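Along the sequence shown, residues are numbered consecutively beginning with 1. Note that the structure is predicted; figures quoted are calculated from it, not measured. Read the numbers this way: they start at 1 and go in the same order the structure lists the ligands and their atoms.
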Amino acid sequence: MAPKAREKDGGATDGAHAGGPVVVWFRNDLRVKDNLALSKAVDSDAPVIALFILDETARAPRKLGGARRWWLHHSLVALEASLAALNIPLILKSGESEKLVRAVVDESKADSVFWNRRYDPPGIAIDTELKAALKDDGIHVESFDGQLLHEPSKTTTGSGGHYKVYTPFWRALDAGTPPRDPIGAPRKVTNNAKDLSSDKLDDWKLLPTKPDWSGGIADSWTPGEAGAWKCLDDFIAGPFDAYAEGRDLPDRAGTSRMSPHLAFGEITPYQIWAETSRRPKEVASEDRTTYRKEIVWREFSYHLLFHKPDLAEANYNAAFDAMPWRQDKDALRAWQRGMTGYPIVDAGMRQLWQTGWMHNRVRMIVASFLTKHLLIDWRIGEDWFWDTLVDADPASNAAQWQWVAGSGADASPYFRIFNPMLQGSKFDQKGDYVRRFVPELAKLSDKYIQTPWEAPTEVLSRAGITLGKDYPRPIVDHQKARQRALDAYKKLKEAA
Ligand code: FAD
């Protein structure tokens with residue numbers, strides 16, 4: 001759009017708002033509360049148009065996996081209803097973001113475009129270019145915070161570099177300015193925007209059909225802002241109180257399950273920070289601090305991604321480029337389907353498939369199993385998680401996979417190979433987690449629940465299990481696989 005055309009339309013050319021509509025471009029911020037871009041738009045007294053673009057073109061951020069597409073559909077339904085209550089229409093478009101933002105600005109004769117910042121590298125690139133181009137055309141553009149508590153570019157070490165180790169990063173944030181207070185929802189808009197053309201959400205076909213695998217996910221989650229708040233309230237009223245200990249135990253609801261809500265921006269870390277500061281008063285400071293430290297792991301992941309934009313594709317530690325990863329389709333498939341013969345690994349992978357989420361402790365176990373026991377490239381695991389997790393996140397997923405594989409910043413040492421039997425008996429002591437997700441082992445006694453292959457035949461037959469038929473034998477021998485991984489990692493270290 002040429003600046004002249006704007007002048008003819010009576011729009012602002014000096015960057016100030018002059019009464020035309022404001023387009024609020026929604027991305028990872030599908031909420032109305034603590035949404036600075038939305039609130040500022042409403043405060044301007046102009047008609048407000050909410051825009052969401054499904055951009056799957058080559059330059060766009062990584063295409064959402066299947067589980068997140070399901071979530072997006074439902075979250076947009078919820079957002080549309082919340083916006084309608086504020087008298088704000090939600091316009092849906094699919095295609096190239098830059099072109100479509102401009103098209104909506106043209107069609108609506110908007111003067112201003114507001115958005116909340118996002119921090120994935122393709123998103124940053126698009127936003128930077130678009131902001132400059134719109135400003136050249138005389139459109140007022142503003143961006144706001146919300147996705148993260150700290151701008152990843154602004155946290156620097158004493159020497160001006162970026163942090164590569166979590167603990168000093170946490171200390172720096174903990175000693176710095178506290179996060180701002182969240183704001184509420186904006187008031188209702190009285191100034192109607194004119195009707196604009198919009199795609200129909202159903203036409204995007206975000207929901208799976210043939211087969212519809214989403215039943216378990218739908219039973220486990222309520223996408224949308226109200227669902228996010230219910231989840232947070234339940235956590236604060238329940239497991240928050242014993243979070244420091246409970247967070248490591250997958251057999252119970254010991255964590256907040258805020259991750260998908262954060263990934264879609266249905267709630268902000270500012271809101272979570274504020275709520276977990278004031279409610280409930282009697283929570284031990286250890287539980288509160290431990291929880292905050294996890295929120296800051298998310299910040300740290302974005303800090304790493306900002307400084308290494310190819311974090312999901314390339315080893316942070318280039319020495320790992322020489323890693324002799326194995327190609328083993330059968331083993332990979334067994335891992336994906338939860339059929340490795342190691343109950344804690346299989347329970348985790350089935351929890352992921354059924355519910356779109358996996359407990360953090362078990363994520364570490366299954367990721368270690370893939371990269372160390374099976375010596376399969378962490379990128380293949382990262383990609384599977386990307387497709388199947390409702391909380392798949394460009395920063396946390398990549399950073400955590402690299403952490404477990406040993407190739408990342410501040411990584412787990414190469415010789416740390418999780419022993420699935422010990423992990424299982426320590427963190428799922430009674431085997432309840434395994435029994436829930438691997439029902440064919442449900443009748444096995446606690447003694448053998450993590451090691452069914454060690455059970456005497458009569459114990460197995462009493463539990464109704466024939467190994468190799470009802471449940472697989474281990475696909476690799478633990479000791480041999482461990483040694484193979486150690487040898488590979490040692491060679492890598494010697495060559496570095
Ligand atoms: P809580 O324990 O309640 O923690 C609260 C919040 O803190 C989480 O919602 C999350 O935003 C953040 N958080 C907690 N642990 C971590 C962590 N280790 N790294 C970064 N942020 C953290 N998390 C994602 O959000 N998306 C991912 O794609 C993702 N992939 C992972 C892959 C692997 C291999 C591993 C080991 C971990 C991954 N994590 C990822 C981190 C962690 O497992 C999840 O954030 C956590 O399980 C979410 O559950 P929760 O909300 O109940 O967590």
Quick one: does [X] get a heavy atom under 4.0 Å from ligand 1?
X      : result
Tyr243 : yes
Tyr291 : yes
Ala392 : yes
Arg257 : yes

Give the atom numbers and elements of ligand 1 that come within less than 4.0 Å of a heavy atom of [X].
X      : answer
Glu294 : 4 (O), 7 (O), 12 (C), 13 (N), 14 (C), 15 (N), 16 (C), 21 (N), 22 (C)
Arg298 : 11 (O), 20 (C), 21 (N)
Trp357 : 48 (C), 49 (O), 52 (O)

Of Asp34, Asp145, Asn35, which is the lone residue that meets side chain to side chain donor-acceptor pair (under 3.5 Å) with Thr268?
Asp34
Min N/O separation Trp401 to ligand 1 under 3.5 Å
no
Quick check: does Thr255 get an N/O under 3.5 Å from an N/O on ligand 1?
yes
Between Trp297 and Phe300 (judged by ring centroids, cut-off 6.0 Å), do the two rings come close enough to count as a pair?
yes
Measure from the ring center of Trp403 to the ring center of Tyr166 and say whether it is less than 6.0 Å.
no
Would you kindly specify which portion of Leu262 sits under 4.0 Å from ligand 1, judged on non-hydrogen atoms: side chain, backbone, both or neither?
side chain
Proximity to ligand 1 by part of Phe235, non-hydrogen separation under 4.0 Å
neither
With a 6.0 Å cut-off (strictly less than), is the heavy-atom count around CZ of Arg180, excluding the residue itself, greater than 12?
yes
Verify the neighbour count for atom NZ of Lys40: are there more than 12 heavy atoms of other residues, nucleotides or ligands below 6.0 Å?
no
Under the side chain to side chain donor-acceptor pair (under 3.5 Å) rule, collect the residues that match up with Asp432, sequence neighbours excluded.
none
Looking at Tyr489, Trp401, Trp325, which hits ring-ring contact (aromatic ring centres under 6.0 Å, His included) with Phe320?
Tyr489
